[in-house]
Amino acid sequence: MTPSALKCTRLAVPLAACALSLLACDPETEVVTEVHVDEPEYTGRTTQSLYLTMRDGVRLAVDVHLPQPLQPGSELPTIVIMTRYFRREEEGEKEYLGWRVAQAAGAGYASVIIDERGTGASSGTWPYAWSQESMADFAEVVDWVVQQDWSNGKVGSWGGSYLGMTAQLLPTTQHPAVRVIVPTFTQYDLYTDIVFPGGIFNDWFMRVWSEGVLAMDRNEGDSHVRRVDEDSDGSLLAAAIAEHSDNGDMYLGSSVATYRDEMTPLGITVDDISAHTRRDALEQSNVAIYHWGSWMDHGTAQAVISRFLTLSNPQQAVIGAWVHGGFQHASPYRPLGEGAEPPEGIQWLETRNFMSRYLKDDGEPIMEKVLYYYTLGAEEWRSTNVWPLEGTTTERWHFNAGSVLSTSVPNGSDGRDVYAVDFTATSGGQTRWHTAQDGVPVVYPDRRNEDAKLLTYTSEPLAEDTEITGHPVVTLYVSSTHTDGAFTDGAFYAYLEDIDPSGRVTYVTEGQLRALHRKVSDEAPPYETLVPYHTFEQADGEPLVPGEVTTVTFGLHPTSWLQLSGMRCMRR
């Protein structure tokens, strides 16, 4: 099915001429997933909270959950989770871990939940996220697990968001007991997926997230970390919290950076703690990967596709239309606040079923990569073994006079559209970038009023249903009255949207690029990519020259979207 019309882009500077490339494809067959729900093997569990002393004397707070009744000689697979968000709260368990632990126990799994060093009830300091010391701790805890008489010697790790990154990095320690990981709603390239999308600093998220975790490290706020069993008077917890005062501030550490290879005040570059730089170690581990993301959740869909295309590990992948964490639906074509599809409980059951292939030898190991993805507009699940999809075609659309988006090449010698930036234009306060903080709903209201503040190009109504599954790419020929001096100067944003017959404008996806990083590199990228490759490195920085026409080309965040006939496509 070839696209007959598209509604496309939002820009923040004058342009001389523009071109747009989009991927379109035939719909895949609908996915039919079999879910096996068995009666719980165990009806109860025990929980022990203890300290494990690491090689350098740091004490990690660890909760060990075992199913009951456990017969003598029983050997259990173990799910290990390292968190910096409290392994357990003073009153009860963290909800997002507690019910999973209970279900895992019923299915015959041991669960070991760890407060990362320098956080929760653990001693030591947390210099920055996912330090080498923390990953070494993770492997040391796995050593301890496999020495227990209840262990079958096989370990897997699950995690969402920050916890997903620790799960993703665990195989890089090359621990032989680690057989499977399930990183969900996390990043593969930290720089582009969350911290500097398009080379533009994600100021709001990094500030709010950093303030929140540092408050947790001081044990402040509405919830407080639970001390371990042996700490009857709380003195060990008090000592640990005192050590946390030396923790690093990721916002202050990253906000002064510009490039991915720039050393920050934390003593690292963003790439130093990013999973994509550890590709070799991940592949050498041959650990099976079941990774999840969402079209509507910052860069997690791109992370899934990057891993799917790049890593040789056995893997299954899922891209849905959820808020961060998968708690609610986020498709703009579904009612706001509607429950996730599939529900979170089924997501966790799928996770356990995948893990059981490698930890319990239940079922066959994964022999072929498969990606399950949700198509917006069609509101259905599909699957593929390859990306881009078989049958994908590429078409070039142009920005024409009169704010028209068309396959026709612009006529005339003067192809300029002049735009004065309106800094009141906004995509709102509940976007794909906000949901990464606590999984808040994703809400893009009717965009028609905001579009009036922007440079827009709109197609004719579609003659037939059209699916776009992949990465739209925008190419702009622009000149600006300003150079790229501050963090947001010279930042280009492009939005792909549709317009229904009533005139309502619906957000589909977006992309962004700071013009400083516009050089398209001919070097081999560190992972497979289907869009123009920008290194975001210092050597390739090119500030805008006021009044000079230059080319800016970049990919939008991937999507799978069925646009019905009679709709129009807009790029702004």
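In this chain, numbering begins with 1 at the start of the sequence shown. Computed from a predicted model, the values in this text were never measured in an experiment.
Under the 4.0 Å criterion applied to side-chain N and carboxylate O atoms, R55 and D137 are assigned as salt-bridge partners. With salt bridges taken as basic N to acidic carboxylate O contacts below 4.0 Å, none links D115 and R88. Taking 4.0 Å as the cut-off between side-chain N and carboxylate O, K360 and E75 do not count as a salt-bridged pair.
Ring geometry for Y191 against H517 counts as perpendicular: the plane angle is over 60°, on a 0 to 90° scale with 30° as the lower cut. Ring orientation note: the planes of W209 and Y162 are close to parallel, at an angle under 30° on the 30°/60° scale.
Taking CG of L359 as the start and CG of N152 as the end, the distance is 7.0 Å to the nearest 0.5 Å. Between atom OG1 of residue T277 and atom CZ of residue R260 there is a gap of 9.5 Å, rounded to the nearest 0.5 Å.
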| message | Show, in sequence, the C-alpha distance, side-chain angles and deciding distance for Y109 and T78, and conclude whether the side chain to side chain contact (heavy atoms under 4.5 Å, CB included) test is met. | response | CA-CA 6 Å; Y109 286 87; T78 305; over 6 Å; no

| request: Tell me, with the steps shown, if F205 and W433 meet side chain to side chain contact (heavy atoms under 4.5 Å, CB included). | output: CA-CA 7 Å; F205 172 79; W433 305 104; 5.8 Å; no

| field | Verdict with reasoning, I273 to L190, per side chain to side chain contact (heavy atoms under 4.5 Å, CB included) | value | CA-CA 8 Å; I273 55 174; L190 281 172; 3.7 Å; yes

| query | After noting the C-alpha distance and the side-chain angles of D217 and I241, does the key distance pass the side chain to side chain contact (heavy atoms under 4.5 Å, CB included) rule? | reply | CA-CA 7 Å; D217 296 346; I241 292 171; over 6 Å; no

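For N313 (side chain) and V287 (main-chain N/O), a donor-acceptor pair under 3.5 Å exists by modelled atom type. In this structure a side-chain-to-backbone donor-acceptor pair under 3.5 Å is present from Q148 to W144.
Figure legend: cation-pi geometry between K369 and F308, with NZ or CZ positioned under 6.0 Å from the six-membered ring centre and within 45° of its axis. Within the cation-pi definition used here (under 6.0 Å to the ring centroid, within 45° of the axis), R59 qualifies as a partner of Y51. Cation-pi geometry between R117 and W126 is not met at under 6.0 angstrom from the ring centre and within 45 degrees of the axis.
Within the 4.5 Å cutoff, no side-chain heavy atoms of Y374 are placed close to those of S560.
When the shell of 6.0 Å around CD of E230 is examined, it contains more than 12 heavy atoms from other residues, nucleotides or ligands.
Shown here for L237 and G120, the closest heavy-atom pair between the two residues is CD1-O, 4.1 Å. P314 approaches N286 most closely through the heavy-atom pair CD-OD1, 3.4 Å.
Annotation: W158 is in aromatic contact with W348 [ring centroid separation under 6.0 Å].
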